[in-house]
Amino acid sequence: GNSVTQMEGPVTLSEEAFLTINCTYTATGYPSLFWYVQYPGEGLQLLLKATKADDKGSNKGFEATYRKETTSFHLEKGSVQVSDSAVYFCALILTGGGNKLTFGTGTQLKVEL
Amino acid sequence: GAVVSQHPSRVICKSGTSVKIECRSLDFQATTMFWYRQFPKQSLMLMATSNEGSKATYEQGVEKDKFLINHASLTLSTLTVTSAHPEDSSFYICSAKRQRGGIETQYFGPGTRLLVL
């Protein structure tokens, strides 16, 4: 079956620190990969996505590269801010999979001054 | 951006009662909505796909008679947890699919926390 594994949180960083949240996947086909973010009290928002191997998704300073050889899609940001504090979900959809998202467990990020 | 709301945000009920959760797409029409369930520190698990004007499609292991889904209009889907039990306590999240310019995107609601006593 399909699955997504994320590093456990919470991840606590100081402002302006470098962020990496690891995500690996298993899939029976060729997935598209996503990162969603959930701010406190709000719904999940699409942060970035990549639809094929070696694609890099980027948004708001966050980046993730689709690595087929390591089946990974790690989220990175060079300098985090307090406003980045949220829960981050890695997810995949199989091509032709009817828009059924498979999510990781989520990683909570806390950024402190 | 597209907005999806859920109501209520939090509900506490007695065991044996039924609870209805609403999911609305506020500024777009959604022929397809999805219902997810999330346990603490676990993934969002897809429960069912709700299609406007037709029966919902349930994922394996989800009891359709217990989790009734009605997609009554292009902006509203409801999930009714019937005869709720403490093990139904969870965080329920909906999403609505919008199609624009040939691109499909899912927008998520803020979730509903259900506690069954």
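Naming: A, B, ... by sequence-line order, numbering from 1 per chain. Hydrogens, waters and symmetry mates are skipped; everything else that's a heavy atom, side chains included, is used.
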**Prompt:** Is it the side chain or the backbone of A/F89 that comes within 4.5 Å of chain B heavy atoms, both, or neither?
**Reply:**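 When you check distances to chain B, only side chain atoms of A/F89 fall under 4.5 Å.
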**Prompt:** Which bit of A/Q45 is near chain B, if near means a heavy-atom gap under 4.5 Å: side chain, backbone, both or neither?
**Reply:**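 Neither part.
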Do any side-chain atoms of residues 10-25 of chain A form donor-acceptor pairs under 3.5 angstrom with protein atoms, and if so which ones, sequence neighbours left out?
residue: A/E15; atom: OE2; partner: A/V82; partner atom: N; Å: 3.3
residue: A/N22; atom: OD1; partner: A/H74; partner atom: ND1; Å: 3.4

Do other residues, nucleotides or ligands put more than 12 heavy atoms under 6.0 Å from the [atom1] atom of [X]?
| X | atom1 | value |
| --- | --- | --- |
| A/K49 | NZ | no |
| A/E8 | CD | no |
| B/M45 | CE | no |

Decide whether [X] and [Y] are clustered together by the hydrophobic rule: side chain heavy atoms of Ile, Leu, Val, Met, Phe, Trp, Tyr closer than 4.5 Å, transitively.
| X | Y | answer |
| --- | --- | --- |
| B/V3 | A/Y39 | no |
| A/F73 | A/I93 | no |
| A/L46 | A/F62 | no |
| A/V37 | A/W35 | yes |
| A/V4 | B/L44 | no |

**Request:** Output the residues of residues 104-113 of chain A for which the shortest heavy-atom distance to chain B is under 4.5 Å, in residue-number order; output 'none' if no such residue exists.
**Result:**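 Checking residues 104-113 of chain A against chain B gives A/G104, A/T105.
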**Request:** Might you work through the side chain to side chain contact (heavy atoms under 4.5 Å, CB included) test for A/F34 and B/Q106, ending with a clear yes or no?
**Result:** CA-CA 11 Å; A/F34 304 83; B/Q106 280 192 43; over 6 Å; no
**Prompt:** Quick one: which residues of residues 66-95 of chain B reach chain A at under 4.5 angstrom, heavy atoms only?
**Reply:**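 The residues closer than 4.5 Å to chain A, in numerical order, are B/F91, B/I93.
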**Item:** Residues of residues 4-14 of chain B with any heavy atom under 4.5 Å of a heavy atom in chain A
**Value:**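 Answer by number: none.
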**Asked** Does a side-chain heavy-atom distance below 4.5 Å link A/L101 with B/Y36?
**Response**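 Sidechains of B/Y36 and A/L101: in contact.
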